[in-house]
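Residues: numbered from 1 along the sequence shown. All of these numbers come straight from a predicted model, not from anything done at the bench.
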Amino acid sequence: MAEFDKSEAARSRRANLFLVATGTLSTAHLPFWLNWLSVNRPHYKVTVGVTDSARNFVSTSALAALTGAPVVRNTWDAGGELKPVHTRIAADYDGLIVFPASVAFASALAAASGDSPFHLAALGTAAPVVLAPTFPPGVADNPLVVDVLRRLDGVPNYHIVKPQKGTSRSTGAETDVTAPLWDVMGVFEAAVGDPDRTASTPETAHA
């Protein structure tokens with residue numbers, strides 16, 4: 001896995017990112033990570049999108065304050081914009097980061113479900129899509145979930161950031177928790193610098 005570049009030259013990087021937060025306990029830490037990103041990549045412009053379940057774990061007001069951009073909800077209501085939500089996300093951003101990626105979100109994406117704007121945007125973009133999954137105890141070893149990750153990793157512009165071992169807050173058992181954002185950014189920046197991994201079109205990405 002590509003390491004996060006801590007050099008001063010890397011701090012001057014610019015990117016326009018769309019970050020999707022899904023409904024997991026790890027989402028509660030997102031304000032910390034956004035603050036970290038603003039310090040280490042001050043020229044990155046980040047827009048956060050939240051699923052309905054994510055709103056149970058984090059304040060959208062805090063996310064908007066930390067990014068300086070309105071939070072986007074996973075709704076078909078375009079809010080008066082000419083472009084639909086999924087079209088804007090797919091066309092206007094240099095990368096789509098799903099952090100954290102819940103089992104539900106990853107499974108629907110692997111099934112090519114287009115029943116939400118965020119899923120449809122991920123299916124339609126040619127930019128890097130980086131997913132940082134998190135799993136309850138035992139879930140990562142289920143063959144169905146293993147197959148979900150295999151299918152996602154087979155899409156040319158998709159990148160899976162392996163979770164880290166942690167402890168379940170609910171059971172105390174060992175589980176697989178979201179990788180730190182510096183690992184996710186390392187993977188994204190490596191993907192942007194690798195034209196062979198990012199040159200796919202929406203059509204070829206779904207093959």
Side-chain angles (χ1 to χ4, degrees), residues 2 4-5 10-22 27 30-31 33-38 40-51 54 58 60 63-102 105-106 108-109 112-114 116-133 152 155-161 178 181-206:
F4 181 73
D5 190 344
R11 282 175 51 84
S12 65
R13 286 177 179 262
R14 296 180 182 274
N16 189 16
L17 297 180
F18 192 86
L19 188 152
V20 174
T22 66
T27 304
L30 188 53
W33 287 116
L34 289 173
N35 185 64
W36 172 86
L37 185 60
S38 70
N40 288 275
R41 292 292 185 266
H43 302 295
Y44 274 23
K45 180 181 178 182
V46 181
T47 300
V48 176
V50 294
T51 64
V58 69
T60 56
L63 300 178
L66 287 165
T67 60
V71 171
V72 178
R73 295 187 60 181
N74 196 21
T75 175
W76 297 110
D77 182 0
E81 297 284 346
L82 294 178
K83 286 184 180 179
V85 174
H86 63 279
T87 303
R88 296 202 307 270
I89 297 170
D92 296 347
Y93 293 89
D94 302 314
L96 196 158
I97 311 296
V98 187
F99 179 87
S102 67
F105 190 95
L109 185 57
S113 171
S116 82
F118 294 170
H119 284 105
L120 203 55
L123 291 170
T125 184
V129 176
V130 183
L131 298 107
L152 291 172
V155 180
N157 63 317
Y158 285 15
H159 308 265
I160 309 298
V161 183
T178 314
L181 190 58
W182 51 70
D183 285 352
V184 176
M185 288 298 104
V187 170
F188 164 72
E189 291 176 353
V192 170
D194 184 353
D196 292 335
R197 283 285 282 178
T198 59
S200 61
T201 65
E203 289 78 14
T204 58
H206 302 162

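- The OG1 atom of Thr178 sits 11.5 Å away from atom CG of Asp183, with the distance rounded to the nearest 0.5 Å.
- Of all heavy-atom pairs spanning Val129 and Ala122, the tightest one is CG2-O, 4.1 Å.
- Between Leu17 and Tyr44 the shortest side-chain heavy-atom distance falls below 4.5 Å.
- Between Pro133 and Ile160 the shortest side-chain heavy-atom distance falls below 4.5 Å.
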Begin from the C-alpha positions of Phe99 and Trp36 and carry the test ring-ring contact (aromatic ring centres under 6.0 Å, His included) through to its verdict. CA-CA 14 Å; Phe99 179 87; Trp36 172 86; 9.5 Å; no

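- Between Leu120 and Gly114, the closest heavy-atom pair is CD1-CA, 3.9 Å.
- Taking NE2 of His159 as the reference point, atom CD1 of Ile97 lies at 9.0 Å (rounded to 0.5 Å).
- Between the CZ atom of Arg41 and the CH2 atom of Trp182 there is a distance of 13.0 Å, given to the nearest 0.5 Å.
- Of the listed residues (Phe18, Trp76, Phe118), just one forms a ring pair (Phe, Tyr, Trp, His ring centres under 6.0 Å) with His86, and that residue is Trp76.
- In this structure a side-chain-to-backbone donor-acceptor pair under 3.5 Å is missing from Thr60 to Val71.
- Among all heavy-atom pairs drawn from Pro128 and Val192, the shortest one is CG-CG2, 4.2 Å.
- Interatomic distance, NE2 of His43 versus CZ of Arg11, reported as 7.5 Å (0.5 Å rounding).
- Using a 4.5 Å heavy-atom cutoff, the side chains of Trp33 and Val184 are not in contact.
- Rounded to the nearest 0.5 angstrom, Leu19 CG and Leu181 CG are separated by 7.0 Å.
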Test Thr47 against Thr67 for side-chain contact (heavy atoms from CB on, under 4.5 Å), laying out the working first. CA-CA 7 Å; Thr47 300; Thr67 60; over 6 Å; no

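- Separation of atoms CZ (Arg13) and CE (Met185) is listed at 11.0 Å; rounding is to 0.5 Å.
- In this structure, Leu34 and Val48 have side chains that are in contact, with non-hydrogen atoms separated by less than 4.5 Å.
- A donor-acceptor contact shorter than 3.5 Å is absent between the side chain of Thr125 and the backbone of Ala121.
- Here the shortest heavy-atom pairing between Ala106 and Leu152 reads O-CD1, 3.8 Å.
- When all heavy atoms of His119 and Ser113 are compared, the closest pair comes out as CB-O, 3.1 Å.
- The main-chain N or O of Ala127 is found under 3.5 Å from a side-chain atom of Asn157 such that the two form a donor-acceptor pair.
- With hydrogens and angles disregarded, a donor-acceptor distance shorter than 3.5 Å links the side chain of Asp94 to the backbone of Asn16.
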List the steps, then state whether side-chain contact (heavy atoms from CB on, under 4.5 Å) holds for Leu131 with Leu109. CA-CA 11 Å; Leu131 298 107; Leu109 185 57; 3.8 Å; yes

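- The two residues Ala54 and Ala21 come nearest to each other via the heavy atoms CB-O, 3.2 Å.
- By the side chain to side chain donor-acceptor pair (under 3.5 Å) test, Asn74 pairs with Ser116, sequence neighbours left out.
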